[in-house]
2 protein chains.
Amino acid sequence: MIRVLLAEDQAMVRGALSALLNLESDIEVLGTAADGEIAWRELQRLKPDVLVTDIEMPGLTGLEIAQRVRRQELPIKVIIVTTFARPGFLRRALDAGVGGYLLKDAPAENLAEALRTVHRGGRAIDPQLALEAWSEADPLNDRERQVLRLAGEGQSANDIATQLNLSHGTIRNYLSEAIGKLGAANRIEAYRLARQKGWL
Amino acid sequence: MIRVLLAEDQAMVRGALSALLNLESDIEVLGTAADGEIAWRELQRLKPDVLVTDIEMPGLTGLEIAQRVRRQELPIKVIIVTTFARPGFLRRALDAGVGGYLLKDAPAENLAEALRTVHRGGRAIDPQLALEAWSEADPLNDRERQVLRLAGEGQSANDIATQLNLSHGTIRNYLSEAIGKLGAANRIEAYRLARQKGWL
DNA sequence: GTGCGAATGTGACAAGCGTCACCCGGGGGT
DNA sequence: ACCCCCGGGTGACGCTTGTCACATTCGCAC
């Protein structure tokens with residue numbers, strides 16, 4: 001019997017996935033969590049074999065939970081199930097030592113199958129994504145990422161400067177760097193590109 | 001027996017929702033569709049009582065399907081199930097005569113309940129959203145919407161001008177109008193605001 | 001110490017952006 | 001015939017962006 005905790009913020013999807021997994025005779029859904037913090041608490045209380053979690057959740061993200069599990073050396077496997085086919089996410093997930101990484105647009109049967117594989121100690125990584133992941137590295141450094149994120153929210157160079165205690169000019173330099181590295185024409189395009197790759 | 005067709009582009013969610021609905025004794029899932037065009041074909045072939053559909057799908061969106069159903073006066077109810085709590089979407093859905101509009105972060109049991117209500121001829125609209133929907137009207141006109149959408153993709157005023165066969169200056173005027181109406185500081189913020197409200 | 005390389009700043013320039021006041025031409029009312 | 005509204009355009013103004021070449025400072029390696 002594989003004992004599972006399910007974390008996913010959209011209630012309807014959570015309920016549906018739970019129903020789906022409960023149809024399997026060798027899988028038992030111990031509980032579900034609507035956000036990252038609840039998931040973390042339930043994880044410690046229920047001690048499941050496997051945590052199945054989304055990435056984007058209020059509070060803790062799925063990636064952050066995976067990092068904590070690894071840091072505390074808990075005997076719990078983590079499977080990420082997410083909408084986003086972003087190589088950067090997969091990469092960070094692998095760095096956090098997750099057992100599986102599936103996309104929500106993979107067939108539903110894959111989930112139970114992946115659960116069994118991971119429970120046996122194997123890995124279940126979405127195949128197309130696995131290829132892309134190591135092909136293209138994130139060219140941005142921390143500052144560039146940070147500045148690009150704020151610029152993408154509509155803030156001007158001046159706004160960002162005050163917010164980060166840097167000078168107006170420096171911000172523009174970083175932004176220019178980022179735009180160049182990404183081969184974009186302006187901050188908006190750069191933001192979109194970076195976001196799409198999961199480099200945020 | 002309520003005969004249902006389910007349209008949703010994410011395979012895993014599709015499978016899970018299908019499993020969920022099949023647990024109900026009075027509901028039968030006739031089939032599922034992975035995008036809007038398939039959904040439209042299956043709709044005509046299977047003649048279900050109710051179509052449960054996502055909004056954002058490749059090909060036809062759920063809203064467009066609802067509009068077609070109404071235009072052709074098919075005896076099929078439509079229930080929209082979506083992630084997006086955007087008042088503008090609900091409004092367009094109501095204009096298209098849908099029977100129900102639920103959010104994916106409503107509890108899973110609501111879906112079956114809504115199906116029954118709509119099948120009986122009632123309406124199932126997410127309550128909080130219903131309030132907001134009529135409170136704030138979309139202030140943008142067609143040109144502004146169009147221009148703002150392109151600007152949000154990172155295109156410059158010049159790019160947009162050539163694309164729409166308008167002058168450089170006119171584009172900037174429209175953009176300025178849109179920014180003003182939305183109370184934004186620049187195109188990026190304006191784009192984000194409009195998008196968030198579902199005015200796109 | 002000397003030297004190198006990050007990280008941050010500066011100043012200048014051209015291009016793009018946001019705003020505004022105003023112009024033009026074609027429908028519709030009346 | 002008149003006016004007025006509407007979609008579109010013009011030109012000018014000042015500010016923001018994107019780029020680049022060149023400082024400054026600090027820390028680390030040797």
Side-chain angles (χ1 to χ4, degrees), chain A residues 86 88 91-92 95 134 136-200, chain B residues 88 91-92 95 136-200:
Chain A
R86 298 185 185 148
R91 188 164 199 155
R92 273 186 260 164
D95 289 345
W134 300 99
E136 216 178 338
D138 180 351
L140 303 175
N141 63 36
D142 283 353
R143 278 307 199 190
E144 287 157 5
R145 208 185 338 277
Q146 191 177 35
V147 168
L148 196 51
R149 197 152 33 208
L150 295 173
E153 287 169 15
Q155 304 207 38
S156 74
N158 265 312
D159 295 343
I160 302 175
T162 24
Q163 207 165 320
L164 300 184
N165 290 103
L166 290 177
S167 106
H168 160 78
T170 305
I171 299 298
R172 291 198 287 146
N173 286 337
Y174 287 145
L175 231 20
S176 180
E177 264 297 297
I179 291 168
K181 284 181 180 177
L182 297 173
N186 55 48
R187 52 178 73 192
I188 309 181
E189 204 186 330
Y191 176 76
R192 302 200 124 216
L193 279 170
R195 213 181 144 71
Q196 198 180 313
K197 296 279 192 180
W199 300 330
L200 233 157
Chain B
R91 187 167 200 155
R92 274 185 260 164
D95 289 345
E136 214 177 340
D138 180 352
L140 303 176
N141 63 36
D142 283 354
R143 280 304 199 190
E144 287 156 8
R145 209 187 335 278
Q146 191 178 33
V147 167
L148 195 51
R149 197 154 30 209
L150 295 172
E153 286 169 15
Q155 304 207 38
S156 74
N158 266 312
D159 296 342
I160 301 175
T162 26
Q163 207 164 320
L164 300 185
N165 291 101
L166 289 176
S167 109
H168 160 75
T170 306
I171 299 298
R172 291 198 288 148
N173 285 337
Y174 286 144
L175 231 20
S176 180
E177 264 299 297
I179 292 169
K181 284 183 180 175
L182 297 173
N186 55 47
R187 52 179 72 195
I188 309 181
E189 204 186 330
Y191 177 75
R192 303 201 123 215
L193 280 171
R195 214 182 143 70
Q196 200 181 311
K197 297 281 192 177
W199 299 330
L200 231 157

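First the proteins, then the strands, lettered A, B, ... as listed; each starts at 1.
By the side-chain hydrogen bond (donor to acceptor under 3.5 Å, both in side chains) test, A:R143 is found to be paired with A:Q146, residues two or more places apart in sequence or in another chain being considered. Every residue meeting the salt bridge (Lys or Arg N to Asp or Glu O under 4.0 Å) condition with B:R145, not counting sequence neighbours, appears here in chain and number order: B:D138, B:D142.
Rounding to whole angstrom units, CG of residue B:N141 and P of D:dC5 are separated by 18 Å.
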Exercise for review: Heavy atoms under 4.0 Å is the rule here; annotate nucleotides 8-23 of chain D 5' to 3' with B where the base is hit, S where only the sugar-phosphate is, and - elsewhere.
Suggested key: SBB-B----BBBB---
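Side-chain contact between A:Y174 and A:L166 is present, with heavy atoms from C-beta onward closer than 4.5 Å.
Side-chain contact check for B:E189 and B:N186: no donor-acceptor pair (N or O, by modelled atom type) lies under 3.5 Å.
The local environment of CD in A:Q163 is crowded, with over 12 non-hydrogen atoms from other residues, nucleotides or ligands closer than 6.0 Å.
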